[in-house]
Amino acid sequence: MISVPDYLVFVDEALDGMTTIVLDLGDERANQRLDVPGSNSAFALLTHCLGVLEYWGGAFIAGRPVERDRDAEFRASGAVTGLVDRARRGRRQFEQDLASFDPVAPPPPTVLEGHLRAWPEDADLPLAKTQGGVLIHVYDELARHRGQMETIRDVLAASWAQVV
C-alpha cells in the first residue's frame, strides 16, 4: 500500500502541472473553450479538480460535510491568480483530510449512502468500498483532467485553433 506522503507526490505533480498550464495561458486563454461540443476551459477543469479534492477527500475520507455544485465547476471562469491560490489552499486541506486515512476502511456510511442515491452506478466500484479506492479515483480524475488541459493548451497555441 502506498503511504500518504508518497501518494501526495503524485497529487502535487498533477496539481502543479495544471496550475502551470492556467498560469501560462493567462486569464483570457485559460477561460476559453475549444470550438467542440462539450468542451471545457482549462480554468473550469482545474476548478472541477479542486471540487474533486474537496468532495472525495473531505467527505469520503475525513467525513466532514461538503457542499458541492459539480455542474457549476464546469461553468467556472475568472482570474487565474485566484484559482491558483484556491488550488494551494485546496491541496493543504486535502492533506489535512487524509490525516485519518485508512486504506481498507469504507467511506463514511452516511456520505456513501447519499452519493449512491445520486450515482447508483458507482456502487460496485472500488471508490464505494474502501478509502483506498477513493484515493485512486481522486488521482484518476486529476491525471485525466491534466491530460485534457495539456491538449487544450496545445490547441490554443496552434495557429489554426478556433475557440468560443
Side-chain angles (χ1 to χ4, degrees), residues 7-8 10-61 64-91 93-94 97 107 111-164:
Y7 174 79
L8 289 172
F10 293 97
V11 168
D12 289 344
E13 181 182 352
L15 284 176
D16 290 348
M18 289 188 273
T19 57
T20 297
I21 288 169
V22 296
L23 285 167
D24 288 349
L25 288 172
D27 289 340
E28 183 179 342
R29 291 193 309 158
N31 286 285
Q32 289 178 325
R33 297 170 189 274
L34 303 180
D35 191 13
V36 176
S39 178
N40 292 299
S41 69
F43 190 100
L45 288 171
L46 180 49
T47 300
H48 169 64
C49 287
L50 297 177
V52 167
L53 291 178
E54 177 76 7
Y55 180 67
W56 293 96
F60 280 71
I61 303 295
R64 61 183 176 80
V66 173
E67 294 292 323
R68 182 181 187 201
D69 184 348
R70 187 177 180 277
D71 293 336
E73 294 166 9
F74 290 106
R75 293 188 306 270
S77 63
V80 166
T81 54
L83 181 60
V84 171
D85 289 342
R86 283 183 40 221
R88 290 183 182 123
R89 288 191 310 273
R91 165 53 179 83
Q93 180 63 58
F94 186 63
D97 290 339
V111 173
L112 184 59
E113 290 164 11
H115 176 83
L116 292 179
R117 277 194 296 277
W119 303 92
E121 63 273 14
D122 287 354
D124 292 328
L125 298 177
L127 60 87
K129 295 177 183 173
T130 66
Q131 291 180 16
V134 169
L135 288 195
I136 294 298
H137 175 67
V138 168
Y139 181 73
D140 176 59
E141 287 284 314
L142 296 178
R144 179 181 323 201
H145 293 309
R146 179 186 180 187
Q148 289 175 328
M149 288 175 68
E150 290 169 343
T151 301
I152 290 167
R153 177 203 56 211
D154 294 349
V155 171
L156 289 174
S159 60
W160 48 263
Q162 293 185 16
V163 296
V164 289

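Heads up: numbering here begins at 1 and tracks the sequence.
The aromatic rings of His145 and Phe74 lie perpendicular to each other, with more than 60° between the two planes, well past the 30° mark.
Counting non-hydrogen atoms of neighbouring residues, nucleotides and ligands closer than 6.0 angstrom, the CD atom of Glu121 exceeds 12 such neighbours.
A distance of 12.0 Å separates CZ of Arg33 from CG of Leu156, quoted to the nearest 0.5 Å. Going from atom CG of Leu15 over to atom CG of Leu50 covers 7.0 Å, rounded to the nearest 0.5 Å. Between His48 atom NE2 and Leu142 atom CG the span is 9.0 Å, to the nearest 0.5 Å. With rounding to the nearest 0.5 Å, the separation of CG in Leu125 from CD1 in Ile136 is 13.0 Å. Atom CD1 of Ile61 is separated from atom CG of Leu53 by 11.5 Å, given to the nearest 0.5 angstrom. Atom CG of Asn31 and atom OG of Ser77 lie 5.0 Å apart (nearest 0.5 Å).
Asp140 has a carboxylate O that lies under 4.0 Å from a charged side-chain N of Arg144, or vice versa, which qualifies the two as a salt bridge. Electrostatic pairing of Glu54 and Arg89 does not count as a salt bridge here, judged by no charged N lying under 4.0 Å from a carboxylate O.
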Side chain to side chain contact (heavy atoms under 4.5 Å, CB included) assessment of Arg91 paired with Leu8:
CA-CA 9 Å; Arg91 165 53 179 83; Leu8 289 172; 3.7 Å; yes
Where do Leu46 and Arg86 land on the side chain to side chain contact (heavy atoms under 4.5 Å, CB included) test, with the steps shown first?
CA-CA 10 Å; Leu46 180 49; Arg86 283 183 40 221; over 6 Å; no
Tyr7 and Val138: CA distance, side-chain angles, deciding distance, side chain to side chain contact (heavy atoms under 4.5 Å, CB included) verdict:
CA-CA 11 Å; Tyr7 174 79; Val138 168; 3.5 Å; yes
Under the criterion side chain to side chain contact (heavy atoms under 4.5 Å, CB included), I'd like the reasoning laid out for Arg153 against Met149: C-alpha separation, chi angles, the key distance, then a yes or no.
CA-CA 6 Å; Arg153 177 203 56 211; Met149 288 175 68; over 6 Å; no
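Side-chain atoms of Arg88 and Thr19, non-hydrogen and from C-beta on, never get closer than 4.5 Å to each other. Under the 4.5 Å side-chain criterion, counting only non-hydrogen atoms from C-beta, Gln131 is not in contact with Leu135. Inter-residue side-chain proximity for Arg75 and Asp69 is flagged as met; some heavy-atom pair is nearer than 4.5 Å. You'll find the side chain of Asp122 reaches within 4.5 Å of the side chain of Leu116, heavy atoms only.
Of all the heavy atoms in Ala128 and Pro107, the pair that sits closest is O-CD, 4.1 Å. Here the closest heavy-atom approach between residue Val134 and residue Trp56 is recorded as CG1-O, 3.8 Å. Ile152 and Asn40 make their closest contact through CD1-O, 3.1 Å (heavy atoms, listed as atom of the first residue, atom of the second, distance). Scanning all heavy atoms of the two residues, the minimum distance from Ala42 to Ile21 falls at CB-CG2, 4.4 Å. Between Ser41 and Ala30, the closest heavy-atom pair is CB-O, 3.4 Å.
A donor-acceptor pair under 3.5 Å is absent between the side-chain atoms of Ser39 and the main chain of Asp35, judged by distance alone.
Of the candidates Val84, Leu45, Thr81, Val22 forms a side chain to side chain contact (heavy atoms under 4.5 Å, CB included) with just one, namely Val84. Considering Arg68, His115, Glu73, Arg70 as possible partners of Tyr55, the one that fulfils the side-chain hydrogen bond (donor to acceptor under 3.5 Å, both in side chains) test is His115.
Between His137 and Phe60, the ring center distance fails the sub-6.0 Å criterion.
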